[in-house]
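Take a look at the structure below.
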Amino acid sequence: MTVTATGSPNTFPDVLIVGAGPCGLSVAARLREQHPSALFTDAEQARYRWIKRHASQASIKQSRTGRTEPGKGLEAGSMRNRKPSILVLDNSGAQWLAKWTRLFDAFEIEHLRSPMFFHPDPQDRDALLAYAHTQGRSDELVEITGCVGKEISKHKRKKRRDKGGEARAEVTIDERDRKDYFTPSSAMFQDFCRHCVERYGLDEEHVIEQGTVQDIKYGAVTIGSADMQVFTVRTERAMYLARTVVLATGGGTPTIPKPFSPDVAHGACHAMNLARRGLPDPSIAAKIRARIPTNVLVVGGGLTSAQVADCLIQRGVTKVWLLMRGQWKIKPFDVNLSWIAKFKNHQQAAFWSSDSDQERLQYVHEARNGGSITPLYSKRLKQHIASGRLSVACNRVVATQHYDCETRSWTITTDPPSLDLPAIDYIYFATGTQADIRSIPCLRSMHKDFPIRDVSGLPCLTDDLMWKSDVPLLVTGKMATLQLGPGAGNLEGARQGAERVAWAIEDVLNREEPGDGDDDQRSESVSQRYVAGIGSMYESLEDDDQS
Ligand SMILES: Cc1cc2nc3c(=O)[nH]c(=O)nc-3n(C[C@H](O)[C@H](O)[C@H](O)COP(=O)(O)OP(=O)(O)OC[C@H]3O[C@@H](n4cnc5c(N)ncnc54)[C@H](O)[C@@H]3O)c2cc1C
Ligand SMILES: NC(=O)c1ccc[n+]([C@@H]2O[C@H](COP(=O)([O-])OP(=O)(O)OC[C@H]3O[C@@H](n4cnc5c(N)ncnc54)[C@H](OP(=O)(O)O)[C@@H]3O)[C@@H](O)[C@H]2O)c1
């Protein structure tokens, strides 16, 4: 299809980001950051990637002669002269993190789950920690227990075991990293994100617009007298053109477990949708006010299920039943500690060198092992069990369900059947989301025009997180799990994804619009060389010395 547009290429953005959540913010901030270093502690990976991609262009030192031959691609004049222009579209609101904020408010989440180095700021890995201290808000950090401590020697562990004592769980984090294993208050994290938004000028007018992206197409558009390959992005209200598009739309479709209908409309709600309806549902809140006993079923097993159960009890529901299809798993984070702590490079190297996408998926499943609950919330649940307000049933699924519209209650049986459930007034599905690239409505045209492979719904993108090497639709967040690893859907994955996306976008835009070699470009080029660790690190001081 050929679209004809009026105006000039300057009237549409270089980058259109769909989604203003943590992933969208990480990408936008990274695109505006000249000297990213947040990733560079675990950044051999980034550097290797850079060198791999740009080896032919980078300076090469001949080991025999000792002479350095400058690379072509990094010579002054090769880089674009300006930062990419950005437009963000989000259907939750015209602010950053609108959906995130709504969910945190709905579940009354006081602290994040993740450690201090999980955040969207590309400038510095320790930026959130530094923010807490400079703002005098260190008292809002809560230590994540059970992660850090003196490692016990093998000898000591064996001795304890021989004595019949329990060997302490293997601790994989050194004492010196203790400062990282705190979690920020939700309020502080949001203020930090706001600070990041302001620093990068992402609060300027017209950076974010509210709208649901309904269709994305890529193809030739005639602009003035020239034909350009661009994206045409349609929302319910408007049509946009963009050179590149970043899809940062989150984790996918809420999972409704069988035997419930996927479009179950009455007496039930998925936790990801409850921000709109409030917790508990108005029908339950009315019963609580009228002092009528209430029974609510929560299906899940992850942290959301624990938080929903806890909130319901705090807000007056008489009895909550929490049904888990597996074991009750207690973990500080959603992925195993070995993917976060000092041996994570080892895990990631194994992941990246997997022979197939299936093998990568296997790593992801092992690292997450389904949903899990933090020690803090497990303790809260146990208190509710002790008070008789909560029953937790593990290794059980719903076998049959029937909703009676007159009594407005559910009759539920389980498999195995031993659980005797009363009439249930309301059901919450805290069953997570299914990342299925084929179920994202706005990608229908992309699937038709540029089909790609997927493994269990996860798209097989390029290493740069691109749809195809000649289609600059970039995908980040949980949808990029096969490329980023098990942490793709959390805040650390958001920053890693942003790094790859930014490199790819720069490449695409450079190809379209090479620079003209003025001073700004030279200094940008020198910065790039510095960040990538190429050439002399003192090169960037050259001008100052001469002046
Ligand atoms: C309650 C909760 C707490 C969490 N806490 C943590 C934590 O403490 N630490 C951690 O590391 N991870 C945490 N996570 C996991 C993860 O970090 C979050 O899910 C995070 O929000 C993912 O960011 P995202 O940008 O990919 O997705 P989202 O935050 O879901 O943002 C996607 C945005 O895209 C918009 N969108 C979707 N489709 C369209 C469309 N077609 N058109 C326009 N806009 C669209 C949505 O409205 C949304 O605003 C948490 C998750 C949840 C649910
Ligand atoms: N910061 C916070 O306080 C906070 C709060 C909430 C969530 N989070 C984060 O947000 C992310 C999502 O958490 P989540 O709890 O919503 O989802 P989740 O971690 O994916 O857990 C979903 C749970 O639902 C179960 N489930 C999935 N499909 C099911 C089915 N068909 N039938 C029965 N059970 C089913 C899963 O069982 P299995 O375990 O058997 O797979 C799992 O226990 C996680 O990364 C979490 O850490 C953070």
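Side chains are part of it too, since the values below use all heavy atoms of this structure and drop only hydrogens, waters and symmetry mates. Counting convention: from 1, in listed order, for ligands and their atoms alike.
Distance remark: protein heavy atom present below 4.0 angstrom from atom 45 (C) of ligand 1. Distance screen at 4.0 Å: atom 51 (C) of ligand 1 has no protein heavy-atom neighbour inside the cut-off.
We find that Asp121 and Arg199 are joined by a salt bridge, their nearest charged nitrogen and carboxylate oxygen being less than 4.0 Å apart.
Distances from atom 40 (C) of ligand 1 to the heavy atoms of Val213, Leu103, Asn490 put Val213 nearest. Nearest-heavy-atom check against atom 21 (O) of ligand 1 across Phe118, Phe333, Trp100 picks out Trp100. With atom 22 (C) of ligand 1 as the reference point, the heavy atom nearest to it among Gly477, Gly489, Ser26 is part of Gly489.
In this structure, Val18 is part of the shell of residues with a heavy atom less than 4.0 angstrom from ligand 1. Distances from ligand 1 to the non-hydrogen atoms of Thr235 include no value under 4.0 Å. For Ile109, the heavy-atom gap to ligand 2 drops under 4.0 angstrom. Assignment of Gly211 to the shell around ligand 1 is supported, since a heavy atom sits closer than 4.0 Å. The closest approach between Pro22 and ligand 1 falls below 4.0 Å for a heavy atom of the residue. Residue contact annotation: Lys329 has a non-hydrogen atom under 4.0 Å from ligand 2. For the pair Ala494 and ligand 1, no heavy-atom separation below 4.0 Å is found.
Using a 4.0 Å cut-off between heavy atoms, Met324 makes no contact with ligand 2 at all. At a heavy-atom distance under 4.0 Å, only backbone atoms of Ala248 (N, CA, C or O) approach ligand 1. Contacts between Met272 and ligand 1 below 4.0 angstrom, taking non-hydrogen atoms only, involve the side chain exclusively.
Near Phe107, with a cut-off below 4.0 Å to any heavy atom, the atoms of ligand 1 are 1 (C). Short contacts between ligand 1 and Arg113, defined as distances under 4.0 Å to a heavy atom of the residue, involve ligand atoms 7 (C), 8 (O). Atoms of ligand 1 found under 4.0 Å from any heavy atom of Ile109, numbered from 1 in the order shown, are 1 (C).
Note: Tyr131 and His195 have tilted aromatic rings, judged against thresholds of 30 and 60 degrees for the angle between ring planes.
Both tests hold for Arg125 against Phe117: distance to the six-membered ring centre under 6.0 Å, angle to the ring axis within 45°. Under the 6.0 Å distance and 45° angle rule, Arg178 does not count as a cation-pi partner of Tyr181. Cation-pi check for Arg243 over Phe231 is not met; the charged atom does not lie both under 6.0 angstrom from the ring centroid and within 45 degrees of its normal.
To the nearest 0.5 Å, atom OG of residue Ser114 and atom CD of residue Glu492 are 9.0 Å apart.
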* Asked: Taking it one step at a time, do Val392 and Leu390 satisfy side chain to side chain contact (heavy atoms under 4.5 Å, CB included)?
  -> CA-CA 7 Å; Val392 179; Leu390 174 71; 3.8 Å; yes

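Counting non-hydrogen atoms of neighbouring residues, nucleotides and ligands closer than 6.0 angstrom, the CG atom of Asp420 reaches no more than 12 such neighbours.
Residue contacts with ligand 2: Lys258 is placed with no nitrogen or oxygen under 3.5 Å of a nitrogen or oxygen of the ligand (distance criterion only).
Taking each heavy atom of Arg113 and Leu303 in turn, the nearest pair found is CD-CD2, 3.7 Å.
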